[in-house]
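Model, not experiment: these values are computed from the prediction. Basis for what follows: all heavy atoms, side chains included, without hydrogens, waters or symmetry-related copies.
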Amino acid sequence: MLRKLLGKREGSREQNERQIQEAAERDHLFHLLIHDLTGPLSIASATTKSLLKRREPLVESQKRLVERIQRNVEKAQNLLREMITISHSKEGLFTKEQIGMKGILRDSLCDVLEMNDPETVEKLSGAKSWTEVRRILRGKGIHFEVDGRYSEAPFCHDGEKIRQILRNLISNAMKYRRSETWISVYGEEDLIVSVRDDGIGIPVDAQEEIFKRFVRVRDERRGDVAGYGLGLPGVKSLVEAMGGEINLESRGDSGTCFTVRIPPLQT
C-alpha cells in the first residue's frame, strides 16, 4: 500500500515537472517568435508602402495585389503587437490614462471589421451620431450598449490594452456566432465588459483549454475557423495582470458569453 502511494506521488511529481518544462518551452518559443518576426515584417511593410507611393503609379491590378500584401502585413504586425503586449503585461507595464469607453468600443469594432468588411468601417468612420453607429451595426447583427458610470465618465487605465481585450473578445464572437453578437460595457467602480454570441457554444470539457496558448478546440460543428490560439489566452493574461478576472458562460447550443472585470488604475 505504501509503495503504491509513493509511486503515485512520484508519478504526480514527474507530471508536474513535465508540465513546467513544457510551459517554459512554450514561453521560449513565444519570445523567439516576437524577436524573429519584428524585422522581416517591418521591411515588408516599408517595401509595400514604398511601392504604393512611387512616382510611376502601378497599374490597377498591381496596386490591388500590393494593397492585399500590405493588409496582410498589417494583420501580422497587429498580431505581433498583441504578443508583445501580452509579454509586457506580465511585467505590470501599463500606461495610465483617462479613456472614453464609447470611443474605445468604436475603435475596437472598426479593427475587427477592417479586414473583412471595410465598407462598414467607412460608414462607421463617417457616422455623425451614436444613433447612426447603432443603426449601421444592427444591420450587421451587432448590438451594443454602454451603460453605468463609464457611459460618460472616463475610465482610468491603459487604453491600448483595453482596446486589445475588446478587439479579441469581439473578434472571437464574430468568428463563432451564427448571426448575432451582443456587447455590453458597464460598471460603477470596476469596468465590466460582456461579449455574447449566438453560436454553438463551447463543450464543458474544453472551457479551460481555450485559455491555453496555441491550443485550439476542435469541433466538427465549427468547421475550419482561422486562428492562432493566442486571442483568448492573451485576454486572460492581460485581465489578470490588471488585477481583474474573466468568466465564461456557455451552455449546450445557446451560444457563449465572456465577461471581464477590470478595476481602474489608481490615480
Side-chain angles (χ1 to χ4, degrees), residues 30-31 34 38 41-42 45 74-115 121-122 124-134 136-137 142 144-174 181-195 211 230-247 258-267:
F30 189 71
H31 287 93
I34 291 174
T38 300
L41 286 174
S42 296
S45 179
E74 288 176 355
K75 184 177 180 181
Q77 286 181 312
N78 285 335
L79 175 62
L80 185 61
R81 279 192 288 270
E82 293 193 358
M83 293 167 70
I84 292 170
T85 300
I86 292 168
S87 179
H88 284 178
S89 69
K90 290 184 176 181
E91 301 168 16
L93 301 177
F94 299 109
T95 301
K96 186 185 291 185
E97 55 188 329
Q98 300 292 330
I99 56 177
M101 287 311 302
K102 286 183 178 178
I104 288 286
L105 175 57
R106 183 171 174 167
D107 289 346
S108 302
L109 283 162
C110 287
D111 288 345
V112 173
L113 294 169
E114 180 66 43
M115 291 303 297
V121 174
E122 288 184 16
L124 289 173
S125 299
K128 304 297 184 183
S129 67
W130 275 99
T131 301
E132 189 177 354
V133 169
R134 196 180 297 276
I136 293 168
L137 291 173
I142 302 171
F144 73 90
E145 59 178 352
V146 182
D147 203 359
R149 176 182 178 183
Y150 301 118
S151 61
E152 300 298 335
F155 179 64
C156 182
H157 220 299
D158 190 318
E160 182 51 41
K161 291 179 175 61
I162 296 291
R163 181 171 169 172
Q164 181 176 337
I165 289 167
L166 277 166
R167 183 168 60 235
N168 276 298
L169 291 177
I170 295 169
S171 175
N172 188 74
M174 295 290 285
T181 302
W182 295 267
I183 306 160
S184 296
V185 179
Y186 56 100
E188 295 302 325
E189 182 64 28
D190 293 350
L191 176 72
I192 301 173
V193 176
S194 175
V195 180
F211 291 112
L230 285 171
L232 290 174
V235 170
K236 189 172 188 292
S237 293
L238 279 174
V239 170
E240 290 180 348
M242 291 171 161
E245 61 183 2
I246 180 168
N247 292 302
F258 289 93
T259 302
V260 301
R261 178 190 60 79
I262 302 169
L265 283 177
Q266 297 303 311
T267 55

**Fill in**
When rounded to the nearest 0.5 Å, the distance separating NZ of Lys161 from CZ of Arg167 is 11.5 Å
**Request:** List the atom of Thr95, the atom of Leu265, and the distance in Å for their closest heavy-atom pair.
**Result:** O-CD1, 4.3 Å
**Message:** In the structure I gave you, are the side-chain heavy atoms of Met101 and Ser151 within less than 4.5 Å of one another anywhere?
**Reply:** no
**Prompt:** Are Leu124 and Leu137 side-chain neighbours, meaning at least one heavy-atom pair lies under 4.5 Å?
**Reply:** yes
**Item:** Residue pair Leu169 / Leu232, side-chain heavy-atom distance below 4.5 Å
**Value:** yes
**Message:** So which atom in Met242 and which in Ile162 form the shortest heavy-atom distance, rounded to 0.1 Å?
**Reply:** CE-CD1, 4.2 Å
**Request:** Please name the pair of heavy atoms, one in Val133 and one in Ala127, separated by the smallest distance, quoted to 0.1 Å.
**Result:** CG2-CB, 3.6 Å
**Request:** To the nearest 0.5 angstrom, please state how far the CD1 atom of Ile246 sits from the OG atom of Ser237.
**Result:** 10.0 Å
**Asked** How close do Ala173 and Thr181 get, heavy atom to heavy atom, and via which atoms?
**Response** CB-CG2, 3.8 Å
**Item:** Arg163, Arg106, Gln164 screened by side-chain contact (heavy atoms from CB on, under 4.5 Å) with Asp111, the one that passes
**Value:** Arg163
**Asked** Under a 4.5 Å cut-off applied to non-hydrogen side-chain atoms, are Ser194 and Ile183 in contact?
**Response** no
**Asked** Any side-chain heavy atom of Trp130 sitting closer than 4.5 Å to one from Val146?
**Response** no
**Nearest-0.5 Å distance that lies between atom CG in Asp147 and atom CD1 in Ile192** = 11.0 Å
**Prompt:** Considering only heavy atoms from C-beta outward, does the side chain of Ile262 approach that of His157 to under 4.5 Å?
**Reply:** yes
**Prompt:** When rounded to the nearest 0.5 angstrom, what is the spacing between CD1 in Ile170 and CD1 in Ile142?
**Reply:** 7.5 Å
**Prompt:** Quick one: CD1 on Ile99 to CD on Glu160, what's the gap to the nearest 0.5 Å?
**Reply:** 10.0 Å
**Sole residue of Leu166, Asn172, Asn168 in side-chain contact (heavy atoms from CB on, under 4.5 Å) with Val235** = Asn168
**Message:** Counting C-beta onward and ignoring hydrogens, is there a side-chain heavy-atom pair between Glu97 and Asp158 closer than 4.5 Å?
**Reply:** yes
**Item:** For Tyr150 against Pro264, the heavy-atom pair lying closest together
**Value:** OH-CG, 4.5 Å
**Salt bridge Glu145-Arg134, side-chain N to carboxylate O under 4.0 Å** = no
**Asked** Quick one: SG on Cys110 to CG on Leu105, what's the gap to the nearest 0.5 Å?
**Response** 9.5 Å
**Item:** Atom of Arg261, atom of Val239 and distance for their closest heavy-atom approach
**Value:** O-CG1, 4.0 Å
